[in-house]
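Beneath this line is the structure, given in C-alpha coordinates, with notes to follow.
Numbers restart at 1 for each chain; the letters A, B, ... are given by sequence-line order, proteins then strands.
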Amino acid sequence: MTAHAGHIDHHHDATTTTGIPNKKLFMWAFLASDCMFFGCLIASHLIYRLHPPAGAPDPRDIFSIELTSASTFVLLMSSLLMALAVNAIQKGNVRTTRRMLLGTIVFGLIFLMGQVYEFNHFVHEKGLTLSNSVFGSTFYTLTGTHGTHVAIGVLWLVMMYIRTFKPLDESRGQGWVLKGFLHFLAFAGLVVLGMYTLLQLVHAFETGEGLGAFFSHNFIGVGGSLALLAVLIGFARSGPSAVDFGEANAIDVESMGLYWHFVDIVWIVIFPVVYLLEYVVLS
Amino acid sequence: MSAAAILPGSAEAQAHAHEGKFHVFVQLAMILAVITGLELLIIYMPIAHWLIITILLGLSAIKFLCVIFVFMHLRWDKVFCTVLFFIGLILAGGTVGALLLIHTADASKPVGSAYDQA
(Lines give C-alpha, C1' and ligand atoms only; values in the text may rest on other atoms or scores of the structure.)
Protein backbone atom coordinates (compact mmCIF):
# COMPACT_ATOMS: atom_id res chain seq x y z
CA MET A 1 0.00 0.00 0.00
CA THR A 2 1.24 3.44 -0.82
CA ALA A 3 1.98 5.81 2.03
CA HIS A 4 1.46 9.54 1.63
CA ALA A 5 2.76 11.68 4.48
CA GLY A 6 2.09 8.89 7.00
CA HIS A 7 -1.34 7.96 5.57
CA ILE A 8 -2.13 4.81 3.63
CA ASP A 9 -3.96 4.69 0.28
CA HIS A 10 -6.28 1.76 0.94
CA HIS A 11 -7.49 1.39 -2.65
CA HIS A 12 -4.21 1.35 -4.57
CA ASP A 13 -0.81 -0.28 -4.11
CA ALA A 14 2.02 1.01 -6.29
CA THR A 15 4.26 -1.93 -5.31
CA THR A 16 2.15 -4.52 -7.20
CA THR A 17 1.97 -4.81 -10.99
CA THR A 18 -1.82 -4.42 -10.98
CA GLY A 19 -1.80 -1.47 -8.58
CA ILE A 20 -4.20 -3.45 -6.38
CA PRO A 21 -3.20 -4.91 -3.00
CA ASN A 22 -2.57 -8.65 -3.56
CA LYS A 23 -4.86 -9.75 -0.70
CA LYS A 24 -7.73 -7.76 -2.20
CA LEU A 25 -7.08 -9.13 -5.69
CA PHE A 26 -7.02 -12.69 -4.33
CA MET A 27 -10.32 -12.15 -2.51
CA TRP A 28 -12.06 -10.73 -5.60
CA ALA A 29 -10.84 -13.69 -7.69
CA PHE A 30 -12.11 -16.12 -5.03
CA LEU A 31 -15.49 -14.37 -4.83
CA ALA A 32 -15.83 -14.49 -8.63
CA SER A 33 -15.32 -18.27 -8.50
CA ASP A 34 -17.75 -18.58 -5.58
CA CYS A 35 -20.38 -16.81 -7.72
CA MET A 36 -20.27 -19.76 -10.14
CA PHE A 37 -20.56 -22.22 -7.25
CA PHE A 38 -23.69 -20.56 -5.86
CA GLY A 39 -25.03 -20.02 -9.40
CA CYS A 40 -25.04 -23.80 -9.98
CA LEU A 41 -26.74 -24.47 -6.62
CA ILE A 42 -29.44 -21.87 -7.33
CA ALA A 43 -29.97 -23.26 -10.85
CA SER A 44 -30.34 -26.82 -9.47
CA HIS A 45 -32.95 -25.64 -6.96
CA LEU A 46 -34.92 -23.71 -9.59
CA ILE A 47 -34.89 -26.56 -12.11
CA TYR A 48 -36.38 -29.03 -9.63
CA ARG A 49 -38.88 -26.43 -8.37
CA LEU A 50 -40.08 -25.87 -11.94
CA HIS A 51 -40.54 -29.64 -12.42
CA PRO A 52 -41.91 -30.92 -9.12
CA PRO A 53 -42.68 -34.65 -8.88
CA ALA A 54 -46.08 -35.91 -7.71
CA GLY A 55 -46.66 -35.44 -3.99
CA ALA A 56 -43.97 -32.76 -3.70
CA PRO A 57 -44.42 -30.57 -0.60
CA ASP A 58 -45.79 -27.05 -1.02
CA PRO A 59 -43.07 -24.65 0.22
CA ARG A 60 -45.71 -22.13 1.31
CA ASP A 61 -46.92 -24.63 3.92
CA ILE A 62 -43.35 -24.98 5.17
CA PHE A 63 -41.71 -21.55 4.97
CA SER A 64 -42.04 -18.89 7.64
CA ILE A 65 -41.70 -15.67 5.66
CA GLU A 66 -41.62 -13.57 8.88
CA LEU A 67 -38.55 -15.40 10.22
CA THR A 68 -36.76 -15.31 6.87
CA SER A 69 -37.46 -11.59 6.45
CA ALA A 70 -36.07 -10.90 9.93
CA SER A 71 -32.96 -12.95 9.07
CA THR A 72 -32.54 -10.96 5.86
CA PHE A 73 -32.74 -7.69 7.80
CA VAL A 74 -30.21 -8.95 10.36
CA LEU A 75 -27.75 -9.93 7.62
CA LEU A 76 -28.14 -6.54 5.90
CA MET A 77 -27.41 -4.73 9.16
CA SER A 78 -24.40 -6.97 9.78
CA SER A 79 -23.09 -5.80 6.40
CA LEU A 80 -23.44 -2.19 7.58
CA LEU A 81 -21.45 -2.94 10.75
CA MET A 82 -18.78 -4.71 8.71
CA ALA A 83 -18.47 -1.71 6.39
CA LEU A 84 -18.16 0.57 9.44
CA ALA A 85 -15.47 -1.73 10.91
CA VAL A 86 -13.43 -1.38 7.70
CA ASN A 87 -14.02 2.38 7.73
CA ALA A 88 -12.85 2.60 11.36
CA ILE A 89 -9.64 0.59 10.87
CA GLN A 90 -8.79 2.64 7.78
CA LYS A 91 -8.75 5.62 10.17
CA GLY A 92 -6.65 3.63 12.66
CA ASN A 93 -9.52 3.56 15.20
CA VAL A 94 -9.03 0.15 16.85
CA ARG A 95 -11.66 0.55 19.59
CA THR A 96 -14.45 1.31 17.11
CA THR A 97 -13.23 -1.52 14.87
CA ARG A 98 -13.56 -3.96 17.79
CA ARG A 99 -17.09 -2.77 18.58
CA MET A 100 -18.17 -3.08 14.96
CA LEU A 101 -16.58 -6.53 14.65
CA LEU A 102 -18.44 -7.65 17.78
CA GLY A 103 -21.70 -6.27 16.37
CA THR A 104 -21.11 -8.14 13.10
CA ILE A 105 -20.41 -11.35 15.05
CA VAL A 106 -23.65 -10.93 17.05
CA PHE A 107 -25.73 -10.38 13.92
CA GLY A 108 -24.00 -13.31 12.20
CA LEU A 109 -24.78 -15.54 15.18
CA ILE A 110 -28.41 -14.37 15.22
CA PHE A 111 -28.70 -15.25 11.52
CA LEU A 112 -27.20 -18.70 12.18
CA MET A 113 -29.52 -19.27 15.15
CA GLY A 114 -32.45 -18.36 12.92
CA GLN A 115 -31.28 -20.87 10.33
CA VAL A 116 -30.79 -23.60 12.93
CA TYR A 117 -34.31 -22.91 14.28
CA GLU A 118 -35.70 -22.92 10.72
CA PHE A 119 -34.05 -26.23 9.78
CA ASN A 120 -35.08 -27.82 13.09
CA HIS A 121 -38.67 -26.65 12.59
CA PHE A 122 -38.77 -27.90 8.99
CA VAL A 123 -37.38 -31.33 9.87
CA HIS A 124 -39.31 -32.08 13.07
CA GLU A 125 -42.59 -30.26 12.55
CA LYS A 126 -42.99 -30.02 8.77
CA GLY A 127 -41.32 -33.34 7.93
CA LEU A 128 -39.01 -31.89 5.27
CA THR A 129 -35.69 -33.71 5.36
CA LEU A 130 -32.62 -33.75 3.13
CA SER A 131 -33.61 -37.08 1.57
CA ASN A 132 -37.42 -37.37 1.53
CA SER A 133 -37.99 -35.00 -1.40
CA VAL A 134 -36.08 -33.35 -4.22
CA PHE A 135 -37.20 -29.98 -2.87
CA GLY A 136 -35.67 -30.79 0.54
CA SER A 137 -32.40 -31.90 -1.07
CA THR A 138 -31.90 -28.77 -3.16
CA PHE A 139 -33.23 -26.39 -0.50
CA TYR A 140 -31.02 -27.69 2.31
CA THR A 141 -27.98 -27.94 0.02
CA LEU A 142 -28.35 -24.34 -1.14
CA THR A 143 -29.26 -22.66 2.16
CA GLY A 144 -26.96 -24.98 4.13
CA THR A 145 -24.00 -24.05 1.92
CA HIS A 146 -24.80 -20.39 2.46
CA GLY A 147 -25.09 -20.99 6.23
CA THR A 148 -21.70 -22.72 6.17
CA HIS A 149 -20.25 -19.62 4.50
CA VAL A 150 -21.79 -17.47 7.27
CA ALA A 151 -20.33 -19.78 9.95
CA ILE A 152 -16.87 -19.55 8.34
CA GLY A 153 -17.29 -15.76 8.24
CA VAL A 154 -18.18 -15.65 11.95
CA LEU A 155 -15.13 -17.78 12.77
CA TRP A 156 -12.94 -15.43 10.72
CA LEU A 157 -14.44 -12.41 12.50
CA VAL A 158 -13.73 -13.99 15.89
CA MET A 159 -10.10 -14.62 14.94
CA MET A 160 -9.75 -11.04 13.71
CA TYR A 161 -11.32 -9.74 16.92
CA ILE A 162 -8.80 -11.71 19.00
CA ARG A 163 -5.99 -10.48 16.72
CA THR A 164 -6.81 -6.85 17.60
CA PHE A 165 -5.53 -7.51 21.15
CA LYS A 166 -1.98 -8.53 20.12
CA PRO A 167 0.29 -6.38 22.30
CA LEU A 168 2.95 -4.22 20.72
CA ASP A 169 5.41 -5.41 23.36
CA GLU A 170 6.43 -8.89 22.09
CA SER A 171 8.10 -9.74 25.41
CA ARG A 172 4.61 -10.38 26.85
CA GLY A 173 4.53 -13.72 25.02
CA GLN A 174 1.49 -15.50 23.48
CA GLY A 175 -0.81 -15.18 26.49
CA TRP A 176 -2.87 -12.60 24.63
CA VAL A 177 -4.25 -15.34 22.33
CA LEU A 178 -5.74 -17.29 25.28
CA LYS A 179 -6.95 -14.10 26.91
CA GLY A 180 -8.55 -12.95 23.66
CA PHE A 181 -10.21 -16.33 23.22
CA LEU A 182 -11.60 -16.26 26.79
CA HIS A 183 -12.78 -12.70 26.13
CA PHE A 184 -14.68 -13.92 23.10
CA LEU A 185 -16.08 -16.97 24.95
CA ALA A 186 -17.47 -14.64 27.63
CA PHE A 187 -19.04 -12.54 24.89
CA ALA A 188 -20.55 -15.52 23.05
CA GLY A 189 -21.80 -16.97 26.35
CA LEU A 190 -23.45 -13.66 27.20
CA VAL A 191 -25.16 -13.51 23.79
CA VAL A 192 -26.52 -17.08 24.02
CA LEU A 193 -27.47 -17.00 27.71
CA GLY A 194 -28.82 -13.46 27.45
CA MET A 195 -31.03 -14.34 24.49
CA TYR A 196 -32.26 -17.50 26.20
CA THR A 197 -33.08 -15.55 29.39
CA LEU A 198 -34.83 -12.85 27.37
CA LEU A 199 -36.98 -15.49 25.64
CA GLN A 200 -37.87 -16.95 29.03
CA LEU A 201 -38.88 -13.47 30.21
CA VAL A 202 -41.14 -13.02 27.18
CA HIS A 203 -42.59 -16.49 27.80
CA ALA A 204 -43.21 -15.64 31.48
CA PHE A 205 -45.16 -12.52 30.50
CA GLU A 206 -47.10 -14.41 27.83
CA THR A 207 -48.19 -17.09 30.28
CA GLY A 208 -48.89 -14.51 33.01
CA GLU A 209 -46.38 -15.98 35.48
CA GLY A 210 -44.98 -12.56 36.41
CA LEU A 211 -41.49 -11.41 37.36
CA GLY A 212 -41.29 -13.33 40.65
CA ALA A 213 -41.82 -16.69 38.99
CA PHE A 214 -39.44 -15.71 36.18
CA PHE A 215 -36.57 -14.93 38.58
CA SER A 216 -37.13 -18.05 40.65
CA HIS A 217 -37.11 -20.28 37.54
CA ASN A 218 -34.27 -18.47 35.74
CA PHE A 219 -31.93 -17.63 38.57
CA ILE A 220 -28.97 -19.25 36.76
CA GLY A 221 -29.76 -17.49 33.47
CA VAL A 222 -30.03 -14.01 35.02
CA GLY A 223 -27.07 -14.51 37.39
CA GLY A 224 -24.94 -16.07 34.66
CA SER A 225 -25.67 -13.23 32.24
CA LEU A 226 -24.71 -10.61 34.83
CA ALA A 227 -21.54 -12.54 35.75
CA LEU A 228 -20.53 -12.84 32.10
CA LEU A 229 -21.20 -9.13 31.59
CA ALA A 230 -18.88 -8.35 34.51
CA VAL A 231 -16.20 -10.67 33.06
CA LEU A 232 -16.59 -8.99 29.67
CA ILE A 233 -16.15 -5.51 31.14
CA GLY A 234 -13.12 -6.76 33.08
CA PHE A 235 -11.51 -8.17 29.93
CA ALA A 236 -12.19 -4.99 27.96
CA ARG A 237 -10.66 -2.77 30.67
CA SER A 238 -7.55 -4.93 31.16
CA GLY A 239 -6.47 -5.03 27.50
CA PRO A 240 -2.95 -3.90 26.52
CA SER A 241 -2.64 -0.14 26.10
CA ALA A 242 -0.48 -0.42 22.96
CA VAL A 243 -1.49 -3.06 20.38
CA ASP A 244 0.18 -4.34 17.24
CA PHE A 245 -2.95 -3.65 15.19
CA GLY A 246 -3.86 -0.49 13.33
CA GLU A 247 -4.25 1.22 9.99
CA ALA A 248 -1.59 -1.04 8.42
CA ASN A 249 -3.92 -4.03 9.06
CA ALA A 250 -6.82 -2.38 7.23
CA ILE A 251 -6.31 -4.63 4.20
CA ASP A 252 -6.82 -7.74 6.39
CA VAL A 253 -10.09 -6.37 7.77
CA GLU A 254 -11.16 -5.24 4.29
CA SER A 255 -10.51 -8.69 2.76
CA MET A 256 -12.60 -10.25 5.51
CA GLY A 257 -15.24 -7.58 4.89
CA LEU A 258 -15.37 -8.48 1.18
CA TYR A 259 -16.09 -12.10 2.13
CA TRP A 260 -18.80 -11.05 4.60
CA HIS A 261 -20.50 -8.74 2.10
CA PHE A 262 -20.40 -11.54 -0.48
CA VAL A 263 -22.30 -13.78 1.94
CA ASP A 264 -24.84 -10.95 2.18
CA ILE A 265 -25.23 -10.54 -1.59
CA VAL A 266 -25.73 -14.29 -2.01
CA TRP A 267 -28.60 -14.03 0.48
CA ILE A 268 -29.92 -11.00 -1.44
CA VAL A 269 -30.38 -13.40 -4.39
CA ILE A 270 -31.56 -16.44 -2.38
CA PHE A 271 -34.24 -14.51 -0.44
CA PRO A 272 -36.41 -13.55 -3.45
CA VAL A 273 -35.55 -16.51 -5.68
CA VAL A 274 -36.00 -19.33 -3.15
CA TYR A 275 -38.49 -17.81 -0.69
CA LEU A 276 -40.48 -14.88 -2.14
CA LEU A 277 -41.09 -16.33 -5.63
CA GLU A 278 -42.90 -19.28 -4.02
CA TYR A 279 -45.65 -16.87 -2.96
CA VAL A 280 -45.96 -15.46 -6.47
CA VAL A 281 -45.42 -18.23 -9.01
CA LEU A 282 -47.60 -20.82 -7.28
CA SER A 283 -50.30 -18.46 -5.98
CA MET B 1 -11.62 25.11 5.91
CA SER B 2 -13.28 25.15 2.51
CA ALA B 3 -13.34 22.03 0.35
CA ALA B 4 -11.27 23.78 -2.31
CA ALA B 5 -8.43 24.36 0.14
CA ILE B 6 -8.05 20.65 0.94
CA LEU B 7 -5.28 19.04 -1.08
CA PRO B 8 -6.06 15.65 -2.66
CA GLY B 9 -4.29 12.84 -0.79
CA SER B 10 -3.74 15.00 2.29
CA ALA B 11 -4.67 13.83 5.78
CA GLU B 12 -7.65 16.19 5.82
CA ALA B 13 -8.89 14.97 2.45
CA GLN B 14 -8.74 11.37 3.68
CA ALA B 15 -10.52 12.31 6.92
CA HIS B 16 -13.30 13.99 4.91
CA ALA B 17 -13.56 10.95 2.64
CA HIS B 18 -13.89 8.59 5.63
CA GLU B 19 -16.48 10.81 7.31
CA GLY B 20 -18.43 10.96 4.04
CA LYS B 21 -18.30 7.18 3.72
CA PHE B 22 -19.80 6.70 7.19
CA HIS B 23 -22.93 8.62 6.22
CA VAL B 24 -23.10 6.90 2.84
CA PHE B 25 -22.94 3.46 4.52
CA VAL B 26 -25.65 4.28 7.07
CA GLN B 27 -27.94 5.79 4.45
CA LEU B 28 -27.42 2.83 2.12
CA ALA B 29 -28.27 0.37 4.90
CA MET B 30 -31.54 2.22 5.49
CA ILE B 31 -32.32 2.16 1.76
CA LEU B 32 -31.59 -1.59 1.62
CA ALA B 33 -33.91 -2.19 4.58
CA VAL B 34 -36.68 -0.23 2.85
CA ILE B 35 -36.17 -2.18 -0.41
CA THR B 36 -36.40 -5.46 1.56
CA GLY B 37 -39.70 -4.23 3.02
CA LEU B 38 -40.91 -3.38 -0.50
CA GLU B 39 -40.01 -6.88 -1.69
CA LEU B 40 -42.21 -8.32 1.04
CA LEU B 41 -45.10 -6.01 0.21
CA ILE B 42 -44.93 -6.58 -3.53
CA ILE B 43 -45.65 -10.33 -3.32
CA TYR B 44 -49.09 -9.60 -1.82
CA MET B 45 -50.02 -6.96 -4.44
CA PRO B 46 -52.93 -7.89 -6.75
CA ILE B 47 -50.99 -7.34 -9.99
CA ALA B 48 -49.78 -9.56 -12.84
CA HIS B 49 -47.32 -12.28 -11.82
CA TRP B 50 -44.83 -11.38 -14.54
CA LEU B 51 -44.78 -7.81 -13.24
CA ILE B 52 -44.20 -8.94 -9.63
CA ILE B 53 -41.38 -11.25 -10.72
CA THR B 54 -39.77 -8.47 -12.77
CA ILE B 55 -40.01 -5.99 -9.88
CA LEU B 56 -38.62 -8.56 -7.41
CA LEU B 57 -35.66 -9.37 -9.63
CA GLY B 58 -35.10 -5.65 -10.33
CA LEU B 59 -35.10 -4.75 -6.62
CA SER B 60 -32.79 -7.67 -5.90
CA ALA B 61 -30.39 -6.46 -8.62
CA ILE B 62 -30.43 -2.92 -7.16
CA LYS B 63 -29.58 -4.26 -3.69
CA PHE B 64 -26.85 -6.46 -5.14
CA LEU B 65 -25.22 -3.60 -7.05
CA CYS B 66 -25.48 -1.19 -4.11
CA VAL B 67 -23.68 -3.64 -1.81
CA ILE B 68 -20.87 -4.50 -4.24
CA PHE B 69 -20.20 -0.91 -5.33
CA VAL B 70 -20.53 0.83 -1.94
CA PHE B 71 -20.07 -1.64 0.94
CA MET B 72 -17.46 -3.61 -1.03
CA HIS B 73 -15.78 -0.37 -2.19
CA LEU B 74 -15.81 -1.23 -5.92
CA ARG B 75 -16.60 2.38 -6.82
CA TRP B 76 -13.40 3.52 -5.07
CA ASP B 77 -11.19 0.61 -6.22
CA LYS B 78 -9.45 0.05 -9.55
CA VAL B 79 -11.72 -0.99 -12.43
CA PHE B 80 -9.87 -4.30 -12.69
CA CYS B 81 -11.56 -5.51 -9.47
CA THR B 82 -14.97 -4.80 -11.04
CA VAL B 83 -13.97 -6.57 -14.27
CA LEU B 84 -12.65 -9.60 -12.37
CA PHE B 85 -15.80 -9.98 -10.28
CA PHE B 86 -18.13 -9.45 -13.22
CA ILE B 87 -16.35 -12.18 -15.19
CA GLY B 88 -17.40 -14.63 -12.47
CA LEU B 89 -20.83 -13.08 -12.17
CA ILE B 90 -21.54 -13.22 -15.92
CA LEU B 91 -20.31 -16.81 -16.13
CA ALA B 92 -22.54 -17.73 -13.17
CA GLY B 93 -25.54 -15.87 -14.60
CA GLY B 94 -24.97 -17.45 -18.00
CA THR B 95 -24.79 -20.92 -16.47
CA VAL B 96 -28.03 -20.38 -14.53
CA GLY B 97 -29.76 -19.00 -17.64
CA ALA B 98 -28.52 -21.81 -19.88
CA LEU B 99 -29.53 -24.54 -17.41
CA LEU B 100 -33.00 -23.07 -16.97
CA LEU B 101 -33.41 -22.75 -20.73
CA ILE B 102 -32.28 -26.32 -21.36
CA HIS B 103 -34.70 -27.68 -18.79
CA THR B 104 -37.70 -25.90 -20.31
CA ALA B 105 -37.33 -28.05 -23.45
CA ASP B 106 -39.71 -31.03 -23.62
CA ALA B 107 -36.84 -33.46 -24.19
CA SER B 108 -35.18 -32.32 -20.96
CA LYS B 109 -38.19 -32.67 -18.67
CA PRO B 110 -37.68 -35.34 -15.99
CA VAL B 111 -39.47 -38.65 -16.61
CA GLY B 112 -40.53 -41.51 -14.36
CA SER B 113 -43.59 -42.63 -12.45
CA ALA B 114 -43.40 -39.75 -9.97
CA TYR B 115 -43.30 -37.18 -12.76
CA ASP B 116 -45.96 -38.89 -14.90
CA GLN B 117 -48.47 -38.45 -12.07
CA ALA B 118 -47.51 -34.79 -11.50
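- A cation-pi arrangement is present between B:Lys21 and B:Trp76, with the terminal nitrogen or guanidinium carbon under 6.0 Å from the aromatic centre and inside a 45° cone about the axis.
- Heavy atoms of A:Phe262 lying under 4.5 Å from chain B belong to its backbone as well as its side chain.
- Classified by interplanar angle (parallel below 30°, tilted 30° to 60°, perpendicular above 60°), the ring pair A:Phe63/A:Phe122 is tilted.
- A:Ile42 does not touch chain B: none of its heavy atoms, backbone or side chain, sits under 4.5 Å away.
- Of the listed residues B:Leu100, B:Thr95, B:Ile102, B:Val70, the one with more heavy-atom pairs under 4.5 angstrom with chain A than any other is B:Leu100.
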task: Show the numbers, then the answer: is there a side-chain contact (heavy atoms from CB on, under 4.5 Å) between A:Met256 and A:Leu157?
output: CA-CA 8 Å; A:Met256 184 180 66; A:Leu157 283 161; 3.5 Å; yes

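- Looking at B:Phe86, neither its backbone nor its side chain comes within 4.5 Å of chain A, counting heavy atoms on both sides.
- One finds the OG1 atom of A:Thr97 at 9.5 Å from the NZ atom of A:Lys91 (value rounded to the nearest 0.5 Å).
- Residues of residues 72-82 of chain A lying within less than 4.5 angstrom of chain B, judged on heavy atoms, are A:Thr72, A:Phe73, A:Leu76, A:Met77, A:Ser79, A:Leu80 in numerical order.
- Although no hydrogens or angles enter the test, the distance criterion places a donor-acceptor pair under 3.5 Å between the side chain of A:Asn132 and the main chain of A:Gly127.
- Minimum heavy-atom separation, A:Trp260 to A:Val150: CZ3-O, 3.7 Å.
- Expressed to the nearest 0.5 Å, how far NE2 of A:His146 lies from CG of A:Leu41 amounts to 11.5 Å.
- Every residue meeting the side chain to side chain contact (heavy atoms under 4.5 Å, CB included) condition with A:Asp252, not counting sequence neighbours, appears here in chain and number order: A:Lys23, A:Met160, A:Asn249.
- Below 30°, between 30° and 60°, or above 60°: for B:His103 and A:His51 the angle between ring planes is between 30° and 60°, a tilted geometry.
- Chosen from B:Cys81, B:Ala33, B:Cys66, the residue pairing most often with chain A at heavy-atom distances under 4.5 Å is B:Cys81.
- Interface summary for chain A: among B:Leu59, B:Leu57, B:Leu74, B:Ile42, the most heavy-atom pairs under 4.5 angstrom belong to B:Leu74.
- For the set B:Thr104, B:Ile90, B:Leu84, the count of heavy-atom pairs under 4.5 angstrom toward chain A peaks at B:Leu84.
- A distance of 10.0 Å separates CG of A:Asn93 from CZ of A:Arg98, quoted to the nearest 0.5 Å.
- Contact annotation for B:Ile87: neither backbone nor side-chain heavy atoms come within less than 4.5 Å of a heavy atom of chain A.
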